[in-house]
Each structure stands twice: as structure tokens, then as C-alpha cells.
Amino acid sequence: MNLPNCPKCNSEYVYEDGILLVCPECAYEWDPNEVAAAEEGLVVLDSNGTRLADGDTVTVIKDLKVKGAPKDIKQGTRVKNIRLVEGDHNIDCKIDGFGAMKLKSEFVKKI
Ligand SMILES: [Zn+2]
């Protein structure tokens, strides 16, 4: 059987453990059947594990440094009308005073 690469770190050394697939490099374990279901729609979870959707409003839960910006995005900053995207920084948004920005969903909370 041809096993997929690890979805977290893209390792090729994934092995099967019962119904789960396990990555020896980053220790990620997942159910390949669940991944197949998730691929039908982008699943992005906030810091509480709440699923986010396009158009949601979130707040930033910690001060975030912004490359090239003179100031941080402050904890509690409201971000309206987010858009979910693939990748490490999985939220596309606009923040007052900063402009277009990408955030990690783990640093926000749905309002
Ligand atoms: Zn991995």
C-alpha cells in the first residue's frame, strides 16, 4: 500500500498503526479517512478549537510581531471578515493600520 506523506511535515516515513497513520518525524497521528473528509472543505480552527468560516470576526489573543511594521498587532485587536486559506498562515484579512495581513488561526479567537 502506498502511504501518503505526513500532512504536517511532509515526511515520507509514515507508517500504519491500526486504523491510524503515524509520522515518526513529528509524531503526528491521523485517521486517513478523516483527512479525506476534511479535504472537501478547508477546516481552520481557532485557539479554542472552534471552526472558523469565511466572513467571521475574530480577535487576536496575543501581541503579534509583524515583519516590517513599526508596531505589533495588539492582543484584543478585532479582525473582521476573515478569509480562510491553505497554509501555515491560514487566515487572510485586513487589519486597520496594517493593511492586508496573514494570520495563524492558533492566535485568534472567534467572536
Ligand atoms: Zn510529520
Side-chain angles (χ1 to χ4, degrees):
M1 184 183 161
N2 209 356
L3 296 175
N5 288 0
C6 172
K8 291 269 185 203
C9 72
N10 210 34
S11 166
E12 299 170 20
Y13 303 107
V14 167
Y15 61 90
E16 281 180 285
D17 183 10
I19 62 160
L20 296 178
L21 297 179
V22 180
C23 172
E25 296 201 50
C26 70
Y28 184 58
E29 297 182 1
W30 72 102
D31 179 339
N33 297 317
E34 270 180 31
V35 171
E39 276 171 0
E40 287 167 19
L42 193 56
V43 177
V44 174
L45 303 178
D46 74 0
S47 56
N48 292 326
T50 305
R51 190 168 172 178
L52 299 173
D54 286 351
D56 276 354
T57 299
V58 298
T59 56
V60 175
I61 60 163
K62 56 173 271 187
D63 290 359
L64 298 175
K65 291 219 181 304
V66 181
K67 246 189 209 168
K71 53 186 177 169
D72 294 349
I73 297 172
K74 289 283 175 221
Q75 178 183 354
T77 300
R78 261 177 190 247
V79 184
K80 287 184 197 162
N81 200 19
I82 62 169
R83 205 170 63 82
L84 305 180
V85 294
E86 303 262 8
D88 181 36
H89 289 69
N90 47 9
I91 295 175
D92 238 353
C93 58
K94 274 193 184 148
I95 299 178
D96 290 344
F98 292 92
M101 184 71 51
K102 283 196 168 180
L103 296 175
K104 292 188 181 190
S105 60
E106 65 200 84
F107 297 137
V108 305
K109 187 173 69 176
K110 182 169 172 165
I111 300 179

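It should be emphasised that the depicted structure is a prediction, and the values quoted were computed from it without experimental measurement. Order of appearance sets the numbers: ligands from 1, and atoms from 1 within every ligand. The residues of the chain are indexed from 1 along the displayed sequence.
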Checklist entry - Where is the tightest heavy-atom contact between Leu21 and Glu16, given as atom of each residue plus distance? => result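 Shortest heavy-atom separation between Leu21 and Glu16 comes out as CD2-CG, 3.4 Å.
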Next on the checklist: I need the minimum non-hydrogen distance between Glu25 and Cys9, along with the two atoms involved.
Outcome noted: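 Answer, listing the atom of Glu25 first, then Cys9: CB-SG, 4.3 Å.
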Item to check | Whether over 12 other heavy atoms sit under 6.0 Å from Asp96 CG | outcome: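 No.
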Checklist entry - For Lys102, does the NZ atom have more than 12 heavy-atom neighbours from other residues, nucleotides or ligands under 6.0 Å away? => result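 No, NZ of Lys102 has 12 or fewer neighbouring heavy atoms, counting only those of other groups under 6.0 Å.
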Next on the checklist: Tell me whether Leu103 shares a hydrophobic cluster with Val85, the cluster being built from Ile, Leu, Val, Met, Phe, Trp, Tyr side chains joined at under 4.5 Å.
Outcome noted: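 Not linked; separate clusters.
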Next on the checklist: I'd like to know if Val22 and Trp30 are part of one continuous hydrophobic network [Ile/Leu/Val/Met/Phe/Trp/Tyr, side-chain heavy atoms within less than 4.5 Å].
Outcome noted: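 No, no single cluster joins them.
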Item to check | Protein N/O/S atoms closer than 2.8 Å to the Zn ion (ligand 1) | outcome: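 You should have found Cys6 SG, Cys9 SG, Cys23 SG, Cys26 SG.
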